[in-house]
Amino acid sequence: MIKTKRLVALSIGLIMTASLFTGCSTDGLVLMNAFGKSQEITSMQSQTDISVKVSGSKMSEQEQQMMSTMLPMINGANISVSTKINQNKEKTIGKMQSDISLKSDQLPEPISMSVWADTDMSGDVPVVNEVVKMPQLMTAQFPKKLQGKEYMVMNLSDMTSAPGMVQPNYKKLISFSKEFQPKFLDFIAKYSKQFNPTTDYIKNVASQNFLEDNIMKSADVYQVKLTDKSFKDLMHYTLNNLAGNADAMTFVKDYMLAISSIYDVTDAKNKTNKDEINKAFDNLTTELPQQLATLNKALDAIEGIKILGDNGITINYTVNDDGYVIKEKGNAEFVVDLPSIIKLAGNTSVPSTSSDPTGVYTIGVSFNTDMTNINGDVKVVFPKVDSTNSFNFTDVMKLASEELPTK
């Protein structure tokens, strides 16, 4: 029952998150439509760069000692992810390659790894094969039997045949993957028409022209901007709007029932899961006024606690004249006020001690993603793997079991 409630909460959270990028404003609807159209892309390349900067104040001596080691590693790091995707229109057959690199001033050389995935969901039984080129730093720590092998191979048939793995109903899984995304986008389109917060957080901020393949093209830049106050106002509005929307609650229930049906419903346990979902939503409907009051009270309690830093959240989405999102660039600044959070969540009857954290941390995240070659000729080339340069994921599990102490 606890797991069911967590899944229900997660589903509601997903809808609330999606709502942040909608709204009845013209700019909000244009951006939402661009997200929807971008789901139709069959091939593309993307380049993402991410950096994180953390600073702390009012730290205890213990925190200062710990952060003196961690902060230089975090603040000097940059993550780069280069991805290629090629799939059919139905999204049932596809290939993907992702190259990941972590650079840091504290590392002698970058840590790199690559992932390839080959997926075929067109048959009764899905076929998923993955190849991972492991970081050299990790392969050096491998057991002797795996030394010299840089690739790890995983496939769905091996994973699902492992002892203790729950077998899904593949036909229902494939049906869900094909049918539920359009239902989700349709629901968001309808829901957004009545979602009208007073916070004005999406604006068209620029238009630009650029040369691509010797052709002049245009694009519009839509900016999502939130301050600490507007973010909290938006959470208040979204919570109450969602709770009062019968279609939203029905959608979440349908989603959870669809997820549960992927597994064999003839199994007594899964029947129980289905019953639990229905019971959870019945209870949710009955107890909603009381729960909503409690949640609003919790949101009121954090009004005095800073969640976003002075720079807030700013994300620029570039939408080309074909209606696709081709660039995402932004930064977000979060504040983790440990003493205030502990005071809010903890037992005030227990006196504080010298070991309690006192630090207030500001976490800044910057990212930039460029999408290119949309619906173009994108080739994903898999590495050649054999028994001399690769091992199966199940080999790791076997070796781990062999090393476990026997009674």
Side-chain angles (χ1 to χ4, degrees), residues 44-56 63-86 94-119 128-155 158-159 315 327-334 336 361-373 378-400 403:
M44 73 169 186
Q45 295 173 238
S46 67
Q47 175 65 45
T48 299
D49 296 292
I50 305 170
S51 63
V52 180
K53 187 174 182 180
V54 180
S55 62
E63 288 174 286
Q64 288 178 12
Q65 291 176 354
M66 181 177 64
M67 288 300 168
S68 64
T69 302
M70 293 179 59
L71 291 184
M73 179 69 75
I74 296 172
N75 292 335
N78 288 281
I79 300 172
S80 177
V81 183
S82 178
T83 302
K84 295 179 181 179
I85 297 174
N86 196 329
K95 292 183 178 181
M96 182 275 294
Q97 176 183 346
S98 190
D99 302 313
I100 305 162
S101 176
L102 170 63
K103 297 179 181 179
S104 173
D105 298 337
Q106 306 298 309
L107 294 173
E109 60 183 32
I111 298 175
S112 301
M113 68 178 294
S114 297
V115 181
W116 294 263
D118 188 357
T119 305
V128 180
N129 295 309
E130 294 186 14
V131 177
V132 181
K133 185 176 182 181
M134 309 297 291
Q136 189 174 2
L137 189 67
M138 187 178 293
T139 57
Q141 309 300 319
F142 280 169
K144 201 169 186 178
K145 290 182 179 180
L146 303 181
Q147 286 290 329
K149 298 183 178 184
E150 60 179 340
Y151 295 104
M152 180 173 68
V153 178
M154 297 183 290
N155 59 72
D158 287 340
M159 300 294 288
I315 307 175
K327 186 179 183 69
E328 299 175 2
K329 184 176 182 179
N331 56 76
E333 190 174 76
F334 303 95
V336 181
Y361 299 93
T362 301
I363 305 170
V365 181
S366 299
F367 65 91
N368 183 53
T369 300
D370 289 304
M371 279 76 79
T372 58
N373 206 7
V378 178
K379 289 183 171 60
V380 176
V381 180
F382 278 64
K384 293 182 179 179
V385 294
D386 53 38
S387 59
T388 63
N389 67 355
S390 70
F391 60 93
N392 197 291
F393 176 73
T394 54
D395 296 336
V396 180
M397 299 174 67
K398 291 176 183 176
L399 286 174
E403 294 177 1

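Every value quoted in this text rests on a predicted model; they were computed, and no experiment measured them. Numbers for residues simply follow the sequence, beginning at 1.
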Any donor-acceptor N or O pair under 3.5 Å, side chains [X], [Y]:
X    : Y    : result
S114 : D99  : yes
S80  : Q47  : yes
K84  : N373 : no

Self-check item: Set of residues satisfying side chain to side chain donor-acceptor pair (under 3.5 Å) with respect to T48, sequence neighbours excluded
Solution: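 Expected list: T369.
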If I take atom [atom1] from residue [X] and atom [atom2] from residue [Y], how far apart are they, to the nearest 0.5 angstrom?
X    : Y    : atom1 : atom2 : result
N86  : M44  : CG    : CE    : 11.5 Å
D386 : K149 : CG    : NZ    : 9.0 Å
M134 : I111 : CE    : CD1   : 12.0 Å
K327 : S46  : NZ    : OG    : 12.0 Å
Q136 : E150 : CD    : CD    : 9.0 Å
N78  : D49  : CG    : CG    : 7.5 Å

Between [Y] and [X], is there a side-chain heavy-atom distance shorter than 4.5 Å?
X    : Y    : value
V131 : M152 : no
W116 : V380 : yes
Q97  : T83  : no
Y361 : E63  : yes
M154 : V132 : yes
K95  : F382 : yes
M371 : E328 : yes
M73  : Q106 : yes

Exercise. Might you point out which heavy atoms bring N155 and N129 nearest each other, and give the distance in Å?
Key: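 It is CB-OD1, 2.9 Å.
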Quiz item: Minimum heavy-atom separation for L102 to L107, with atom names?
Solution: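 What the structure gives for the nearest pair is O-CD1, 4.2 Å.
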Quiz item: Are any side-chain N or O atoms of N75 and backbone N or O atoms of P72, one a donor and one an acceptor, separated by less than 3.5 Å?
Solution: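 No, because the side chain of N75 does not come within donor-acceptor range (under 3.5 Å) of the backbone of P72.
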Exercise. Answer yes or no: is there a donor N or O on one side and an acceptor on the other, between the side chain of N389 and the main chain of K384, under 3.5 Å?
Key: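 Flag set: sc N389 to bb K384 pair under 3.5 Å.
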